[in-house]
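Data block below; observations after.
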Amino acid sequence: MPRKLLIFFILLTILAIGSWLRLGGIISNSFAFTYDVGRDMLAVQDIVVNHKISLIGQTTGIEGIFYGPWWYFILSVPFFISSGNPQGIAFFMGAIGISTILLGYIVGRKIGGVFLGIIVATFISFSPVMVSTSSQIWNPNPIPFFVLLVFLMLYMISFGAKHKTSNAKYLLFLGFLLAIIIDMEIIFGILFFLGICISLVFIFRKNLRIKEILFFVLGILFVFSPRIIFEIRHDFLMTKALVIVFNNGFMSAKNFSIFDALPDRLGSLLSLWNVTLSGDNRVVGFILIMFIFLSLIVFYKKIENIQKQFIKIILIVIATFLIGITFFNQAIWSHYLVGVPVFYILLISLVINQIRIVLRKSWIIFFILFVLFWINLNPMQVLSNISKPLWEGNSAVYRNQVAVVDYVYNDAEGKDFKYIVYTPAVHDYPYRYLFSWYGKKKYGYVPVQKNTELLYVILEHDYDLPFRLKDWLRDREGDGIVQKEKVVKGGVIVQTRTLK
């Protein structure tokens, strides 16, 4: 078989496996449709349907600080194409995940050749962490794709300098990408931005001129421009909120010990390493770390300069994250580290490829990849799960919420009705969107706000604080007479009430 055809076949197989892992839950409508997703869908609906363009996006979790609107702008494309169907937007997320596999191959091929590209693509394809970020609609999840684009731009900056081409356009796009990542997840984005800036200073400083740095800044300002306009219009509301946050010791506090935090933060990064590459097996994860450490000691001098540059970049960025989250005195949530698996995958791929080059035995990489593939994915267990009944899930699963909406409309039999929802998240954004989009599309009308005889009370379980549901129902005992009660999919209870 010709070499090019073999490479094409291998890459196609990698993409097929990655696609199957990512799209299965989307095809069966098993993806999560949570508070955040419902909120975002309503905001995108305002943009696409009502033509209301916002200068800010979703909240950051820090009071008074908002993301920019770029996540909504990105979602507007699949929203328009799918006519607002959440499954279509989930497919878009899956497509980004599959594209990340292909982009990993491109980045790896440019840095170290075809074999490196195949190694990177393989890890991205089957890594459980990378799969999970491709199957849910959530603003941090596309970040691995953009991180790889950043590495591609860094390669082009280094490559362009060697061939006397202008780096201005690459730095412009680099600034744009780094700002977009901040706009998708602020903690990860800021730490990644700092790590890349440090890398530019220490590794690529000879490739940079004042004019090109200005283009880098221009790319950042372009992304931040909607929020800048918002700030000017609203008397620097977010700036004032940010000052208050830092004055209250958001990054550090008197009772917060950095030395106590360091082992915990290091543990977070090591845990993510294990989940990314070793099937969450600590022993295998430790062996891989030692494998990389010893390989770099023995083979580092033989590594090509361009690959050395990227190893340095990866280590600088990881060190930046470790220092950054150590000084961060809040809880470290998984989405704060959403793009870190990409660093791990690139690092181990570079080491494995170098061993292949030194030993001149390509079969070694396929053996290592097969072992890690088996550890992470356990194909026999995956195949056995195929024959099992479809996982029902809870009230956050999209198809279960659709089933609730279908039940309400079928029970109403075309009559006007009102509804209220108890959900632990307090806000009923997912149902608000489904009644406005799915209900209108399939049944031709939406719930009314005016007085009507028919009321549906939708109750989600509150497993953490069950007393809240009991108190909520007690407060609404006078809201009509319960005619019947039905448990729908996911354990959601729907009460049919008639108003007095």
Side-chain angles (χ1 to χ4, degrees), residues 22-23 25-27 29-61 65-100 103 130-149 176-186 188-189 222-227 230 335 338-339 396-399 401-402 425 427-441:
R22 287 159 173 78
L23 298 181
I26 296 171
I27 292 171
N29 278 331
S30 300
F31 57 91
F33 198 68
T34 59
Y35 159 92
D36 294 332
V37 182
R39 175 204 62 199
D40 294 346
M41 293 295 291
L42 288 168
V44 176
Q45 186 180 54
D46 257 354
I47 293 174
V48 177
V49 178
N50 302 324
H51 309 295
K52 295 180 180 179
I53 308 298
S54 176
L55 294 173
I56 56 173
Q58 65 278 23
T59 58
T60 62
I65 309 296
F66 297 88
Y67 287 105
W70 292 93
W71 171 239
Y72 295 158
F73 294 165
I74 291 171
L75 287 186
S76 295
V77 176
F79 185 99
F80 177 79
I81 294 172
S82 66
S83 299
N85 189 340
Q87 187 182 35
I89 297 173
F91 265 110
F92 171 73
M93 298 298 295
I96 291 178
I98 296 166
S99 300
T100 304
L103 183 58
M130 300 299 290
V131 172
S132 67
T133 59
S134 308
S135 54
Q136 305 294 342
I137 307 168
W138 197 25
N139 50 286
N141 284 354
I143 283 178
F145 178 81
F146 288 100
V147 167
L148 283 169
L149 281 178
F176 174 85
L177 289 171
L178 291 173
I180 282 289
I181 291 172
I182 293 174
D183 227 33
M184 289 186 167
E185 212 310 299
I186 190 168
F188 175 88
F222 178 78
V223 175
F224 288 163
S225 58
R227 271 183 292 185
F230 176 87
H335 54 278
V338 65
V397 175
Y398 174 70
R399 69 168 181 275
Q401 293 175 335
V402 170
H427 298 287
D428 63 336
Y429 295 137
Y431 286 103
R432 202 181 302 177
Y433 179 76
L434 287 175
F435 277 112
S436 67
W437 170 77
Y438 179 77
K440 186 175 183 180
K441 178 184 177 183

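Numbering of residues begins at 1 and proceeds along the displayed sequence. Source: prediction; values computed, not measured.
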Taking C-beta and beyond as the side chain, do [X] and [Y] meet within less than 4.5 Å on heavy atoms?
X      : Y      : result
Gln45  : Leu42  : yes
Phe33  : Leu434 : yes
Met130 : Arg22  : yes
Thr100 : Ser134 : no
Phe145 : Ser99  : yes
Val338 : Val147 : no
Tyr72  : Ser54  : no
Phe188 : Pro140 : no

So which atom in [X] and which in [Y] form the shortest heavy-atom distance, rounded to 0.1 Å?
X      : Y      : value
Arg227 : Phe66  : NH1-O, 3.2 Å
Met41  : Gly84  : CE-O, 3.7 Å
Ala32  : Gln136 : N-OE1, 2.7 Å
Gln401 : Ala396 : NE2-CA, 4.1 Å

(request) Return the orientation label for the Trp70 and Phe73 ring planes: parallel under 30°, perpendicular over 60°, tilted otherwise. (result) perpendicular
Roughly how far apart are [X] [atom1] and [Y] [atom2], rounded to 0.5 Å?
X      : Y      : atom1 : atom2 : result
Phe92  : Leu75  : CZ    : CG    : 7.0 Å
Leu178 : Leu149 : CG    : CG    : 11.0 Å
Phe176 : Asp183 : CZ    : CG    : 9.5 Å
Ser436 : Lys441 : OG    : NZ    : 12.5 Å
Tyr67  : Ile182 : OH    : CD1   : 10.5 Å

If we check side chain to side chain contact (heavy atoms under 4.5 Å, CB included) with [X], which of these qualifies: [options]?
X     : options               : value
Trp71 : Ile180, Asp40, Val44  : Asp40
Phe31 : Ile27, Asn29, Thr34   : Asn29
Val37 : Ile137, Ile89, Asn139 : Ile137

(request) Give the C-alpha distance, both sets of side-chain angles, the deciding distance and a yes or no for side-chain contact (heavy atoms from CB on, under 4.5 Å) between Gln58 and Asp36. (result) CA-CA 9 Å; Gln58 65 278 23; Asp36 294 332; over 6 Å; no
(request) Decide yes or no on side-chain contact (heavy atoms from CB on, under 4.5 Å) for Ile53 and Ile47, but give the supporting numbers first. (result) CA-CA 5 Å; Ile53 308 298; Ile47 293 174; 3.6 Å; yes
(request) Begin with the C-alpha distance, continue with both residues' side-chain angles, and end with the deciding distance and a verdict on side-chain contact (heavy atoms from CB on, under 4.5 Å) for Asn85 and Trp437. (result) CA-CA 8 Å; Asn85 189 340; Trp437 170 77; 3.6 Å; yes
(message) Determine whether a donor-acceptor pair (N or O, by modelled atom type, separation under 3.5 Å) exists between the side chain of Gln87 and the backbone of Ile26.
(response) yes
(request) Take Arg39 and Tyr433 through the side-chain contact (heavy atoms from CB on, under 4.5 Å) test and state the conclusion after the steps. (result) CA-CA 8 Å; Arg39 175 204 62 199; Tyr433 179 76; over 6 Å; no
